[in-house]
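Heads up, the thing below is written out as structure tokens.
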Number of protein chains: 2
Amino acid sequence: MSQKEDVCQYRLMIARDTLEVIQGKWRLPIIISLTHGNKRFGEIQRDISDISPKMLSQELKALETNKIIIRTLHDSMPVTVEYSLTSLGLTMKKLLDEILDWGVLFRKEILEK
Amino acid sequence: MSQKEDVCQYRLMIARDTLEVIQGKWRLPIIISLTHGNKRFGEIQRDISDISPKMLSQELKALETNKIIIRTLHDSMPVTVEYSLTSLGLTMKKLLDEILDWGVLFRKEILEK
DNA sequence: GTAAGTAGTTACCTTTGGGTGAGTACACTT
DNA sequence: AAGTGTACTCACCCAAAGGTAACTACTTAC
């Protein structure tokens, strides 16, 4: 196999790793919501108005497993839970920016034509 | 609603636009394959060895609809079809690079620990 | 004691995404 | 005339993703 093909194969493998983390309808929205500050369960739900508590709970767990976010329990009077990005989660900032920049471009090129 | 919340809502909307284009198991791999040069149907299939012709055909059509790739028919002796990135497809380069960079980081941080 | 807000869970159902295997249509080779 | 390579398509099936509605458990406010 040529070196060029090797590079392509390597990139395809890496892309699958990233995809495993961000795949699905809700994970990127949840991460984006958390880039705007640490949030409680209900606050994320209000940001993403059409997500059900089931999906939110499920996807938060998956993101926690992948060490993208962290769940903190506050033993205040009404027990509250705070979700925040981990240092690994924060490294997605550039990736998120590119997704948003491209989305703007796509909207300009396609959706508005 | 505060201005900060408006920004968050706007980003969530844009992210959905991008997601619509790249969502699924195969679209990013196909696009990545095409960043390594224009390819024929069979060549993409060889790059992504576990994709079925059905899925490849289906996803190529979706990417063509979104103006990410273009299908060119060559009336050579055995009729061949060449797929290539459009100018819009080429604008995904930075996004793809971030996905790959982050995948490398993720592999280092999680998969290798 | 009733309501409202916290953060979820559970069961059930539908939809979609994707897999499998076979078949098609055309041309070129032998 | 049989086989090979190109680029698919079609029918069928299953599992995963996601939606819906109801319910839980705890606390504070009224």
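All figures in this text were calculated on a predicted structure; none of them were measured in a lab. First the proteins, then the strands, lettered A, B, ... as listed; each starts at 1.
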Could you tell me how far apart [X] ([atom1]) and [N] ([atom2]) are, to the nearest whole angstrom?
X	N	atom1	atom2	answer
B:Glu59	C:dG19	CD	P	10 Å
A:Phe41	C:dG5	CZ	C1'	13 Å
A:Lys61	C:dG8	NZ	C1'	8 Å
B:Met55	C:dT16	CE	P	14 Å
B:Asp50	C:dG18	CG	P	12 Å
A:Lys54	C:dC12	NZ	P	13 Å

Please tabulate, one pair per line, each protein N/O and nucleotide N/O from nucleotides 25-30 of chain C that are separated by under 3.5 Å, including the distance.
| from | atom 1 | to | atom 2 | distance (Å) |
| --- | --- | --- | --- | --- |
| C:dA27 | O3' | B:Met77 | O | 3.4 |

| request: Select from B:Tyr83 and A:Gln58 the residue whose nearest nucleotide in DNA chain D is closer to the 5' end of that strand. | output: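 Nearest nucleotide further toward 5': that of B:Tyr83.
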
Looking at [Y], is its backbone amide N or carbonyl O close enough to the side chain of [X] to form a donor-acceptor pair, meaning the two atoms are under 3.5 Å apart?
X	Y	result
B:Gln23	A:Gly24	yes
B:Thr65	B:Lys61	yes
A:Gln9	B:Asp47	yes

| request: Would you indicate, yes or no, if C:dG8 has its OP1 or OP2 atom less than 4.0 angstrom from a side-chain nitrogen or oxygen of A:Arg40? | output: no

| message | Tell me whether the side-chain N/O atoms of B:Lys25 come closer than 4.0 Å to OP1 or OP2 in C:dG19. | response | yes

4.5 Å side-chain heavy-atom contact, [X] and [Y]:
X	Y	result
A:Val104	B:Tyr10	yes
B:Pro53	B:Phe41	yes
B:Tyr83	B:Leu63	no

| task | Kindly work out whether a path of hydrophobic side-chain contacts (I/L/V/M/F/W/Y, heavy atoms less than 4.5 Å apart) joins B:Ile70 to B:Trp26. | result | no

| task | Considering only heavy atoms of chain A and a distance under 4.0 Å, specify the first and last nucleotide of DNA chain D in 5' to 3' order that meet this criterion. | result | D:dG18 to D:dT28

| field | With sequence neighbours excluded, residues passing salt bridge (Lys or Arg N to Asp or Glu O under 4.0 Å) with A:Lys93 | value |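 By the salt bridge (Lys or Arg N to Asp or Glu O under 4.0 Å) rule, A:Lys93 matches A:Asp97.
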
| How is A:Arg27 classified with respect to the nucleic acid when contacts are heavy atoms under 4.0 Å: base, sugar-phosphate, or nothing? |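 No contact.
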
| said: By the 4.0 Å heavy-atom rule, please label B:Thr80 as base, sugar-phosphate, or nothing. | reply: sugar-phosphate

| Pairwise 5' ranking along DNA chain C for A:Glu43 and A:Gln23, keeping only the more 5' one | A:Glu43

| Which residue, A:Arg46 or B:Ile51, contacts DNA chain C at a nucleotide closer to its 5' end, judged by nearest heavy atom? | A:Arg46

| request: Looking only at non-hydrogen atoms, find the nearest pair between B:Ser33 and A:Cys8 and report the distance. | output: CA-SG, 4.2 Å

